[in-house]
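Encoded as structure tokens, the structure appears first; notes follow it.
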Amino acid sequence: MKYLVVGSGGREHVISWRLLNDGSADEVYVAPGNGGIEEKYRIDVGVTDFEGIYSACIEKKIDVVIVGPEVPLVEGLVDYLQERNVAVFGPSARAAMLEGSKLFAKGIMKKYGVPTGQYHEINGRKAMLSHLDGVRSFPIVIKLDGLAAGKGVGIPENREEAITFINTMVGEDTRVIVEEYLEGEEASVLGICDGETVLPCVAAQDHKRINEGDTGPNTGGMGAYAPAPVITAERLERVRREVLQPTVDGMKAEGFPFKGILYAGVIIKGDNIQVLEFNVRFGDPEAQVVLPLMEGKLGDYITAAIKGKLSGMSLSFKNSHAITVVMASGGYPGSYDKGKVITGLNQVPDDILVFHAGTKREENNILTSGGRVLNVTAMADTLRAAASKVYNNIDLVSFDRAYYRKDIGHRALG
Ligand code: GLY
């Protein structure tokens, strides 16, 4: 089988690694890929260049396309390829609205009884500022309705912070959700969906803040681990039954069956499980810990999901623990330099996997080309042993102003 994975991050590198390593694929192309992908398997087209992606499918005789990031999903890449008879894994543009519009997602949750925080819909800066006059307690959660590359959520602790967020992020026509602030511990549960059946993956926990102790600005994710012990087996079954399945049933009833990965970002407090957000794709860096733990062939689940045949299949995970630590460019998530030479990649022991994100090849060098650069990943019998493997070896790899968090997994490690 020949696969084409669309995207350029660590998520797309781990998907291609997994397909090749579990025997799902003979060849995996990645568009546009990164420095971790062998040059002959990189296709130099952008993720929203639908025509270019389709041409690559024809030229390389691709059997199945897997779409990694949200932007081409929301813009309709799956619909475009399906209309041209290309087998593709991911939701249609209508189904991708679960991530593309937070108001749409809230509406589905409300209609189909999926537990989530109370919210108000507000249109535009002026209305938002006058809503703020009536707010008596902080923090509150302000979310922009559309995709915002991880920058669309503000959690102001007081009125001044709220005004700054509104003045910076909310335009005259911006649709906004104001949501109650929920306390608890967060986790990510990814479900493989075929429009009717959902197979949940082992739960992961992401670390979104740049600094240790989960402080500082939000990022795309500075590391992750799985399983996340906050999601016990009983809670995972509840997430399937109370969150993923009713959402998939609801989407089918609305006429937008959901195929692909439904990612539920949940928050747990006591017996309470509530949804903070849906994404419509593998999480990044959650995929870097979930996929190495998966048993069986990823390609079997992908092709069954595309054909609507997941019913009767089961998904299991190794009795092991995985952790990934992101090496980022100094300055990220603010401005940072690119083009730094990365050294030491060939000194990393074989049982450590280094998935590339913001890297590129130039002559014989691998250079940095983004904020999140590498995902240093290990598995072991315990999370502590997996973390030691990563942290004992991560400094073998270096580049100027490399930064990583030293406490990934801290909630589980105590
Ligand atoms: N790790 C968060 C995300 O993939 O959106």
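Along the sequence shown, residues are numbered consecutively beginning with 1. As the structure is a prediction and not an experimental result, all values here were calculated from the model. Whatever order the structure lists ligands and atoms in, that order sets their numbers, starting from 1.
- The nearest pair of heavy atoms linking V88 to V78 is CG1-O, 3.8 Å.
- Between E237 and R241 there is a salt bridge, since at least one side-chain N of the basic residue sits less than 4.0 Å from a carboxylate O of the acidic one.
- Taking 4.0 Å as the cut-off between side-chain N and carboxylate O, R405 and D214 count as a salt-bridged pair.
- Exactly one of R11, H13, Q288 qualifies for a side-chain hydrogen bond (donor to acceptor under 3.5 Å, both in side chains) with N375. That residue is Q288.
- Annotation: cation-pi geometry not satisfied between R401 and Y403 (NZ/CZ under 6.0 angstrom from ring centroid, within 45° of ring axis).
- Contact check on D194 versus K309 returns no salt bridge, with no Lys/Arg side-chain nitrogen under 4.0 Å from an Asp/Glu carboxylate oxygen.
- Using a heavy-atom distance under 4.0 Å as the criterion, the protein contacts of ligand 1 are D206, G220, Y263, N279, R281, G283, D284, P285, E286.
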